[in-house]
Amino acid sequence: MNKNILYGFFNGTASHDEEVQVREWMETSAENRRTFLKERRLFDAILLNVREEMPGRQRTARAGTFLKRVAGAAAVAAIAVALSYTYFLQRERAGDSALQTVSVPAGQRVNITLPDGTNVWLNARSNLSYPASFGRDKRMMTLNGEAYFEVAVDRDRPFVVQTAQGSVEVLGTSFNVDAYASESHFETTLMNGSLHVRLNGGADDGILLKPDTKATLKDGKLLVEAVNDYTRYRWREGLICFVNAPFVEIMHDFEKYYGVSVRVKNAKAKNLSFTGKFRYTDGIDYALRVLQKNIRFSYRRDDETQIIYIE
């Protein structure tokens with residue numbers, strides 16, 4: 001696979017044809033998928049692998065790191081990534097255990113590997129805190145935002161994700177958690193394995209999810225629904241996808257991913273639904289201009305307050 005195309009895919013700048021090419025190549029064999037994951041981890045590890053600093057200090061990736069670690073054609077793509085794709089790794093002390101917090105800025109996502117080998121994708125404006133080494137009893141971490149986990153199997157140490165609304169516990173599985181602390185929304189979707197979901201302070205023992213189902217918090221209770229379409233979880237590919245979604249729901253996703261507030265005053269727009277996708281790197285202004293082709297509305301942006309008004 002051409003490294004320029006592959007790194008463009010990671011950065012969300014690949015064309016549609018290139019995206020199809022990468023996905024078809026990845027699905028051709030298990031070896032190709034392993035190569036894909038290896039390159040993706042290298043792509044993100046380069047950003048994290050900077051000079052070690054004192055606990056409590058913040059580390060940030062620099063473009064120069066890419067030049068030293070990525071050679072040939074891939075280096076060209078990596079420089080562009082370094083300029084636009086920066087996230088932070090913080091370390092702090094918690095008793096005798098060092099906590100690491102990975103924070104992803106608006107409009108980006110990142111792939112990391114936890115100490116136990118678990119693969120994690122973090123969505124925009126998300127934070128994940130976890131110890132440098134897990135304890136003997138449980139693998140505990142705290143999530144604020146959205147993440148996709150491919151959990152390494154360890155039957156002696158359950159894997160627990162704690163959020164502001166509830167917790168998710170597994171042994172080895174693949175699942176998505178959407179739980180931003182700034183919102184009351186809490187949703188956990190199970191792709192493979194089994195999943196135990198419990199609300200914080202709940203009087204019962206929670207619920208056990210089966211594959212292709214999700215648990216959503218509504219009116220203080222967890223409701224289980226079937227999942228037939230995984231399109232929206234393509235955010236791991238740098239895409240914001242929606243299928244027959246209300247305009248207001250799409251604007252809510254833009255708020256979440258781009259760190260802005262959207263005030264919809266256009267009554268007609270509120271009643272319409274759309275199907276489509278945008279790359280994170282397209283930016284919210286481009287996405288709004290595309291939506292304007294389907295419905296008449298104007299918008300203005302207050303850069304000082306980061307509020308967008310749909311009129």
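Positions are given from 1, in the same order as the sequence printed here.
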>> I'd like to know whether W25 forms a side chain to side chain contact (heavy atoms under 4.5 Å, CB included) with L6, so could you lay out the CA-CA distance, the side-chain angles of the two residues, the decisive distance to 0.1 Å, and finally the verdict.
In response: CA-CA 10 Å; W25 167 78; L6 194 57; 4.3 Å; yes

> Can you tell me how far OG of S129 sits from CE of M141, rounded to the nearest 0.5 angstrom?
Replying inline: 10.5 Å

> Does atom OH of Y286 have more than 12 heavy-atom neighbours, drawn from other residues, nucleotides or ligands, at distances under 6.0 Å?
Replying inline: no

>> Count I, L, V, M, F, W, Y as connected when their side-chain heavy atoms are under 4.5 Å apart, and connections chain through other members. Are L272 and V248 then in the same cluster?
In response: no

> Quick one: does L288's side chain get under 4.5 Å of I310's, heavy atoms only?
Replying inline: yes

> Minimum heavy-atom separation for N127 to S103, with atom names?
Replying inline: OD1-OG, 2.7 Å

>> Name the residue from L209, T189, V197, T188 that meets the side-chain contact (heavy atoms from CB on, under 4.5 Å) definition with F175.
In response: T188

>> For E187, is there any backbone N or O sitting under 3.5 Å from a side-chain donor or acceptor partner on Q165?
In response: no

> Hey, what do you get for NZ (K214) to CG (L223), rounding to the nearest 0.5 Å?
Replying inline: 11.0 Å

>> Under a plain distance cut-off of 3.5 Å, with no hydrogens placed, do D212 and Y230 share a side-chain donor-acceptor pair?
In response: yes

> From Y148 OH over to S174 OG, what is the distance, rounded to the nearest 0.5 angstrom?
Replying inline: 4.0 Å

> Does N144 use its side chain to pair, donor to acceptor, with the backbone of A181 at less than 3.5 Å?
Replying inline: yes

> Can V224 and L222 be said to form a side chain to side chain contact (heavy atoms under 4.5 Å, CB included), step by step?
Replying inline: CA-CA 7 Å; V224 179; L222 287 172; over 6 Å; no

>> Strictly distance-based, threshold 3.5 Å: is any side-chain N or O of N266 a donor or acceptor partner for the main-chain N or O of R296?
In response: yes

> Does a donor on one side chain sit under 3.5 Å from an acceptor on the other, for Y180 and E146?
Replying inline: no

>> How close do G145 and S126 get, counting heavy atoms only, and between which atoms?
In response: CA-OG, 3.5 Å

> Got a salt bridge between K218 and E225, using NZ or NE/NH1/NH2 to carboxylate O under 4.0 Å?
Replying inline: yes

> Do the non-hydrogen side-chain atoms of Y130 and I112 ever get within less than 4.5 Å of each other?
Replying inline: yes

>> Quick one, N200 with Q162, criterion side chain to side chain contact (heavy atoms under 4.5 Å, CB included). Give me CA distance, side-chain angles, the key distance, then yes/no.
In response: CA-CA 9 Å; N200 293 339; Q162 183 66 52; 2.7 Å; yes

> How far does CE of M251 sit from CD1 of I284, to the nearest 0.5 angstrom?
Replying inline: 6.5 Å

> Do we see a donor-acceptor contact under 3.5 Å between the side chains of T275 and N244?
Replying inline: no

> Looking only at atom types and distance, does a side-chain atom of N123 sit under 3.5 Å from a main-chain N or O of R236, one as donor and one as acceptor?
Replying inline: no

>> Hydrophobic clusters here meaning ILVMFWY residues chained together by side-chain heavy-atom distances under 4.5 Å, can you tell me if Y258 and F297 are in one?
In response: yes

> Is E169 reaching over with its side chain to a backbone N or O of H196, donor-acceptor style, under 3.5 angstrom?
Replying inline: no

> Do L239 and R279 have side-chain heavy atoms sitting under 4.5 Å apart?
Replying inline: yes

>> Testing the basics here: between R234 and C241, what is the closest heavy-atom pair and its distance to 0.1 Å?
In response: CB-SG, 4.0 Å

> Just how far is it from atom CZ of R263 to atom CD of E255, taken to the nearest 0.5 Å?
Replying inline: 8.0 Å

> How long is the gap from OG1 on T216 to NE2 on H185, to the nearest 0.5 Å?
Replying inline: 6.0 Å

> Would you say V260 and V290 are hydrophobically clustered, going by side-chain heavy atoms of ILVMFWY under 4.5 Å?
Replying inline: yes

> Is a salt bridge present between D178 and R232, judged by a nitrogen-to-oxygen distance below 4.0 Å?
Replying inline: yes

> Side chains of Y299 and D285: is there a donor and an acceptor less than 3.5 Å apart?
Replying inline: yes

> Could you walk me through whether F254 and L291 pass the side chain to side chain contact (heavy atoms under 4.5 Å, CB included) check?
Replying inline: CA-CA 13 Å; F254 288 171; L291 289 173; 4.2 Å; yes

> Same cluster for M140 and F149 if Ile/Leu/Val/Met/Phe/Trp/Tyr side chains link at under 4.5 Å?
Replying inline: no

>> Can you classify the ring geometry of F242 versus F278 as parallel (below 30°), tilted (30 to 60°) or perpendicular (above 60°)?
In response: tilted

>> In the structure I gave you, are the side-chain heavy atoms of K270 and F247 within less than 4.5 Å of one another anywhere?
In response: no

> What do the steps show when you test W235 against D253 for side chain to side chain donor-acceptor pair (under 3.5 Å), and what is the final call?
Replying inline: CA-CA 11 Å; W235 61 261; D253 281 346; over 6 Å; no

> Are any of the side-chain heavy atoms of S261 and Q306 separated by less than 4.5 Å?
Replying inline: no

> By side-chain contact (heavy atoms from CB on, under 4.5 Å), which residues pair with D116, not counting sequence neighbours?
Replying inline: L114, T118, F134, R139, A152, R157, F159

>> Quick one, L122 and L143 - any side-chain contact, counting heavy atoms below 4.5 Å?
In response: yes

>> Testing the basics here: between A147 and V120, what is the closest heavy-atom pair and its distance to 0.1 Å?
In response: CB-CG1, 4.3 Å

> Do L99 and V160 share a hydrophobic cluster (ILVMFWY, side-chain heavy atoms under 4.5 Å, transitive)?
Replying inline: no

> Quick one: does V264's side chain get under 4.5 Å of H252's, heavy atoms only?
Replying inline: no

> What residues, two or more places apart in sequence or in another chain, satisfy side chain to side chain donor-acceptor pair (under 3.5 Å) together with T231?
Replying inline: D229

